[in-house]
Q: 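Before I ask anything, let me first share the structure, which is written out below as structure tokens.
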Amino acid sequence: MNALAWRVPGKRSTGALLKRLGKRLGTVEAGRVALERVHLDTFDGRLWRRGEVVEAEREVRDEPGPWRLRRRGPRDGASRGVLPVAALPRVAADVPPGRWRDLLADSLDVRTLIPRAWLQVDAHRLEVRDGRDKVVLRVDLETVEGHPAGPAGVDRGTAHPLGRWVLLRPVRGYDGALADALSALEAEGLEPLQHDPFEMALSAVGTTPDAYSGKIEVELDPDQRADVATRQVLAAITDVLLANVEGTRVGDDPEFLHDLRVSVRRIRSLLGQLKGVFPEAVVARFAPRWKWVGEVTGPARDLDVHALELDALIARVPADQRGHLEPLRPFLAARREAAHAALVEALDGPAWRELVEDWQAFLRAEAAARPTAPRARQPIAGVARQRIRKVYARVLREGRAITDDSPAEPVHDLRKTCKKLRYLLEVHASVLPPDATSRAVRHLKKLQSLLGTFNDQDVQIHALTAWSGALMQAPGADARTLLALGVLVDGLRRAQVDTRAHFAETFAAFDHPKVAKRFDALVAPPEDP
Amino acid sequence: MTVLATYNLKGGVGKTASAVNLAWLAAEDGLRTLLWDLDPQGAATFYFRVKPKVRGGAKGLVRGRHDALDAVRGSDHDNLDILPADFRYRHMDRVLHDGPDGKKARRRQLAEVLDPLRDAYDLILLDCPPSLSLTSENVFDVADALLVPLIPTTLSVRTLEQLLDFRRQRGLALSVWPFFTMVDRRKKLHVDLLEALPRQLADVVDPEAGWLSTVVPTASEVERMGITRQPLGAFAPGTPAFAAYRSLWSEVRGRLGWGPSPWDEAVSDATAR
């Protein structure tokens with residue numbers, strides 16, 4: 001409930017209400033103004049999740065004026081500060097150093113701030129003044145239309161009337177005026193808004209500020225047919241995937257492409273792992289096409305990661321050499337732009353469009369009464385357990401085969417197998433013992449973290465080495481650039497050796513009787529009641 | 001939290017106008033700003049239409065009987081609050097003298113009043129009374145810099161010399177940033193002294209971080225602040241006087257290492273709400 005925002009019922013006349021409030025509170029009219037108000041947050045509502053609402057507001061004029069950002073609490077509406085900005089900020093660096101930048105830096109991580117909802121506001125402004133003509137309270141009666149923004153914050157969607165409300169803007173130190181206003185609004189029969197205006201703007205299209213999550217949480221019935229259950233899970237993964245397409249097209253928030261690719265990997269993993277659940281023809285029809293999606297999105301993602309890590313990479317070389325690596329920035333940016341353009345071309349093309357159509361048709365299709373796939377009608381819980389048992393055994397086999405002298409390839413293979421195991425655990429969590437599952441995932445995460453670091457280092461070494469020739473032709477690059485690059489790659493190689501040196505102990509911690517016990521508990525059939 | 005103080009031993013040189021306009025500009029930049037009107041005259045408080053009353057007066061605040069935050073009043077402008085004047089501040093020196101033993105402790109009493117406000121504000125501006133007293137010493141102790149407005153006359157500049165002498169005698173690590181106000185370029189004396197005084201005082205005013213180069217002209221709009229009871233930016237944003245204060249604020253931001261104002265790039269006239 002927002003204590004400072006009160007709903008005006010549909011049947012109440014605006015003019016009459018203004019007059020009555022004027023009488024009760026002794027308000028003076030301070031003008032009527034048309035406002036544009038934008039709720040800013042990340043796609044997954046990171047500001048909302050930490051109890052912050054950031055809205056930008058400006059008057060509607062022929063020449064648009066500057067924006068004012070306002071921070072407030074979601075449930076009480078109390079203002080936490082106002083900041084003028086020339087343009088809507090997208091990242092922390094778009095606002096001056098200070099509390100605002102700290103808030104955004106803490107909250108956004110790698111995501112960008114996007115318009116989540118646009119409001120068109122017709123505001124009647126009232127002021128309560130004291131005997132010194134000092135404003136002691138502001139009262140705004142607003143008639144509001146909301147336009148939820150598209151997934152990437154780009155398009156404005158359809159306008160929905162959100163209704164009318166009275167917004168109270170208290171002034172510090174004048175609590176009496178606020179108390180009088182609250183009593184007056186109660187006496188007028190108004191009630192506080194049950195939801196924040198941000199929530200109301202998004203509920204018009206059936207969503208909430210923090211609705212999006214990349215996690216797959218599907219409640220499965222353990223006895224459900226495996227093919228039906230797996231279609232459910234694939235549908236949930238596909239929803240996440242499609243939710244990230246527009247943001248991927250826009251390209252300035254790397255998490256969209258990241259989440260899209262994770263979804264593709266999950267789809268490919270399930271199609272590949274749950275053998276016998278779907279007919280071979282279905283797998284043959286879709287597996288290569290999802291593989292293609294993984295391939296066309298890979299280069300752009302790799303370059304996103306390089307861009308995100310560039311500052312940390314440059315910081316690895318001695319301070320007097322860092323400046324010589326600056327040509328890497330425009331070099332990377334140009335490659336990233338080209339990769340992104342290629343990605344968008346693929347998403348605009350018929351192969352992608354047809355894949356999505358065919359895939360959705362497959363997901364919607366009724367399950368066959370007599371399926372040809374041998375495991376289609378088996379209960380999903382049993383199929384999942386059996387598969388997890390096999391992949392877990394494979395992780396152990398592959399890990400045990402790796403020695404200090406093994407090349408990098410088996411380490412990368414192990415990383416991929418661990419990912420498959422992780423996806424199986426996560427998407428089938430609802431049919432597995434909850435405690436055992438979460439503990440198993442915890443152990444697996446530690447191993448995956450080391451393998452991921454090893455892979456990242458490998459990718460960086462290979463990329464920097466492969467680019468060295470082209471980088472030398474880049475503007476501003478010279479022999480010192482190459483030398484600094486050499487120092488950087490050398491440092492990365494040493495770091496990778498260090499990572500690899502920790503493999504044995506990290507794997508040993510996973511290949512431990514305690515962990516084996518967790519997995520045994522996971523994959524054991526449930527006891528008869 | 002940064003503390004600045006507008007200070008001059010001489011009255012009527014533009015301390016309050018400077019404090020009020022700089023506070024408004026800071027708030028417009030998005031900084032949570034508090035203006036404490038330490039002058040029992042209460043001119044800054046008057047400009048913001050706030051009642052010049054603080055529960056318990058100087059004693060209540062300094063002895064910690066009443067929380068300074070409880071005395072704060074929001075102005076009519078976003079991000080800008082006022083800790084009002086109170087006529088009982090005329091007893092401030094006596095209250096401070098009757099405080100704790102020890103010279104250092106007695107000079108820190110106003111700092112202790114402000115300590116609880118550190119998290120609530122980015123900038124506190126102190127509008128000081130024209131005196132050189134224990135109140136002033138408390139201001140010197142807590143302020144990160146003194147902004148010293150000077151009318152380019154011999155008498156006004158004498159007071160700067162007196163301040164700098166005081167600083168030197170007490171060995172105070174105090175930044176003093178003088179600037180010229182109420183300048184009338186039709187007066188030859190003003191024009192001559194504008195040029196001569198910085199040179200004359202070069203030995204005692206730090207050339208790197210001393211004189212602020214902005215010159216604030218004499219202007220009827222500044223006098224009209226007393227009628228409109230608003231900062232210049234709220235009613236006269238297109239005037240040379242406001243432009244001068246904006247320039248002054250930019251210089252102060254630069255000295256504090258805060259970079260340019262968000263308004264410097266895209267917006268040339270301030271929007272009054």
Side-chain angles (χ1 to χ4, degrees), chain A residues 28 30-31 33 35 54 56-59 61 63-72 78-89 93-104 123 125 127-138 140 169-178, chain B residues 1-2 25-34 42 45-55 68-84 119-123 228-230 233-234 253 256-273:
Chain A
V28 295
V33 65
L35 298 168
V54 171
E57 185 178 280
R58 63 181 176 187
E59 286 189 25
R61 294 180 189 162
E63 292 247 356
W67 293 97
R68 281 180 179 272
L69 293 187
R70 184 182 303 276
R71 270 174 79 172
R72 60 176 178 76
S79 177
R80 295 173 185 168
V82 178
L83 177 74
V85 289
L88 296 180
D94 287 346
V95 296
R99 272 181 331 124
W100 280 89
R101 187 182 282 192
D102 292 345
L103 167 71
L104 295 184
R125 290 188 157 155
E127 290 171 349
V128 179
R129 291 177 179 260
D130 67 5
R132 286 179 170 70
D133 208 26
K134 164 89 182 65
V135 176
V136 296
L137 178 71
R138 290 190 173 85
D140 294 345
R169 300 197 195 275
V171 178
R172 188 197 283 274
Y174 297 97
D175 298 341
L178 176 61
Chain B
M1 180 185 82
T2 299
L25 284 161
E28 278 291 297
D29 278 359
L31 298 167
R32 294 168 305 165
T33 307
L34 176 69
T45 308
F46 175 80
Y47 281 145
F48 285 108
R49 306 163 191 260
V50 173
K51 187 174 179 183
K53 187 165 171 57
V54 170
R55 192 164 161 228
L69 207 48
D70 290 340
V72 168
R73 298 289 176 263
S75 72
D76 290 359
H77 312 280
D78 284 327
N79 296 326
L80 180 53
D81 289 347
I82 311 298
L83 182 47
D119 287 339
Y121 294 101
D122 303 307
L123 173 68
T228 64
R229 296 176 77 181
Q230 294 182 88
R253 283 188 66 108
L256 295 171
W258 287 352
S261 158
W263 291 96
D264 281 349
E265 288 177 16
V267 182
S268 57
D269 49 65
T271 312
R273 285 208 70 197

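Quick note: numbers below take in every heavy atom, side chains included, and nothing from hydrogens, waters or symmetry partners. Each chain gets a letter, A, B and so on, in the order the sequences are listed, and its residues count up from 1. Every value quoted in this text rests on a predicted model; they were computed, and no experiment measured them.
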Q: Is any side-chain heavy atom of Lys51(B) closer than 4.5 Å to a side-chain heavy atom of Asp130(A)?
A: no
Q: Less than 4.5 Å apart, any side-chain heavy atom of Val136(A) and any of Arg73(B)?
A: no
Q: Are any side-chain N or O atoms of Arg138(A) and backbone N or O atoms of Asp76(B), one a donor and one an acceptor, separated by less than 3.5 Å?
A: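 Yes.
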Q: Does Arg49(B) form a side chain to side chain contact (heavy atoms under 4.5 Å, CB included) with Val135(A)? I'd like the steps, not just the answer.
A: CA-CA 9 Å; Arg49(B) 306 163 191 260; Val135(A) 176; over 6 Å; no
Q: Please name all residues satisfying salt bridge (charged side-chain N to carboxylate O under 4.0 Å, His left out) with Arg80(A), sequence neighbours left out, ordered by chain then number.
A: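 By the salt bridge (charged side-chain N to carboxylate O under 4.0 Å, His left out) rule, Arg80(A) matches Glu52(A).
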Q: Distance check, rounded to the nearest 0.5 Å: Arg172(A) atom CZ versus Ile82(B) atom CD1?
A: 11.5 Å
Q: In terms of heavy-atom pairs under 4.5 Å, which option from Val82(A), Leu83(A), Val33(A) contacts chain B the most?
A: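 Among the listed options, the one with the most contacts to chain B is Val82(A).
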Q: Measure across Arg229(B) and Arg132(A) and return the closest heavy-atom pair with its distance rounded to 0.1 Å.
A: NH1-O, 4.1 Å
Q: Is it the backbone or the side chain of Asp70(B) that comes under 4.5 Å from a heavy atom of chain A, or both, or neither?
A: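 Nothing of Asp70(B), per the 4.5 Å heavy-atom cut-off to chain A.
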Q: Answer with side chain, backbone, both or neither: which region of Pro84(A) has an atom nearer than 4.5 Å to a non-hydrogen atom of chain B?
A: both
Q: With chain B as the partner, which of Leu69(A), Val171(A), Asp133(A) has the greatest number of non-hydrogen pairs under 4.5 Å?
A: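 Highest number of pairs under 4.5 Å: Asp133(A).
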